[in-house]
Amino acid sequence: MPICLHIINGPNLNLLGAREPDIYGAQTLDDIEAMCRKAHPGVELVFRQSNIEGELVDMVQAAGESADAVVINPAAYTHTSIALHDALRAVGVPAVEIHLSQPAARESFRRRSYVSEAVTGTISGFGADSYLLGLQAALKLAKAHG
Ligand code: DQA
């Protein structure tokens with residue numbers, strides 16, 4: 001069976017490409033998904049996005065059922081969501097938090113991540129490459145775990 005990785009994307013990431021491109025880059029989420037699939041043709045990738053916190057919790061729970069590891073860009077819920085923190089801890093699937101930007105170098109409200117405490121590690125600040133680096137890390141975790 002191929003390794004299965006879930007990539008979960010939070011609110012407003014559906015607007016990538018048009019949304020503050022000076023911060024988040026010119027690529028759309030579809031572009032980023034295509035880039036991830038091209039980089040890992042042998043891996044089963046489930047790539048999802050929602051603007052709704054509860055749906056993201058459902059996605060984390062689904063990953064707990066069928067993923068070997070998770071890459072998650074929780075977007076603004078990074079800084080607010082105890083529900084996502086709890087979901088990641090509850091399912092116990094190895095997870096990598098990623099961000100396109102470097103939240104620590106931005107507004108002070110972005111310095112707090114509730115998700116960081118529930119994942120193995122964080123990659124941020126590399127634009128769309130944060131997804132590729134996150135996938136590399138998740139693959140390693142999946143192999144070590146499984
Ligand atoms: C983000 C950073 C968050 O602070 C922000 O709310 C986002 C995107 C990033 O990928 O850089 O929506 O997660």
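Just follow the structure's listing: the first ligand is 1, and inside any ligand the first atom is 1.
Side chain of Arg19 to backbone of Tyr24: no donor-acceptor contact under 3.5 angstrom is found.
Annotation: atom 1 (C) of ligand 1 to nearest protein heavy atom, His99 ND1, 3.6 Å. Closest protein heavy atom to atom 8 (C) of ligand 1: Tyr24 CE2, 3.5 Å. Nearest protein neighbour of atom 5 (C) of ligand 1, counting heavy atoms only, is Arg110 NH1, 3.3 Å. At the top of the distance list for atom 9 (C) of ligand 1, counting protein heavy atoms only, stands Leu100 N, 3.4 Å.
Interface of Ser101 with ligand 1, defined as ligand atoms under 4.0 Å from a residue heavy atom, comprises 2 (C), 9 (C), 11 (O).
Minimum interatomic distance between Ile7 and Asn9 (heavy atoms only, all atoms of both residues): O-ND2, 3.9 Å. Nearest approach of Val115 to Pro74, heavy atoms of both residues: CG2-CG, 3.7 Å.
For the residues Glu107, Gln102, His79, Glu97, the heavy atom positioned nearest atom 3 (C) of ligand 1 is part of His79.
Residues Thr122 and His99 have side chains in contact (heavy-atom distance under 4.5 Å, counting atoms from C-beta outward).
Note on Leu133: it does not cluster hydrophobically with Ile72, by side-chain heavy-atom contacts below 4.5 Å among ILVMFWY residues.
By the 3.5 Å distance cut-off applied to N or O atoms, Ile98 is not counted among the residues near ligand 1. Annotation: Arg19 places an N or O atom under 3.5 Å from an N or O atom of ligand 1; distance criterion only. Residue contacts with ligand 1: Pro103 is placed with no nitrogen or oxygen under 3.5 Å of a nitrogen or oxygen of the ligand (distance criterion only).
For the ligand labelled ligand 1, residue Asn73 lies inside the 4.0 Å heavy-atom shell.
In this structure, NE2 on His40 lies 5.5 Å from CG on Leu139, to the nearest 0.5 angstrom.
Because its NZ or CZ atom is both nearer than 6.0 Å to the ring centre of Tyr114 and within 45° of the ring axis, Arg112 counts as a cation-pi partner of that residue.
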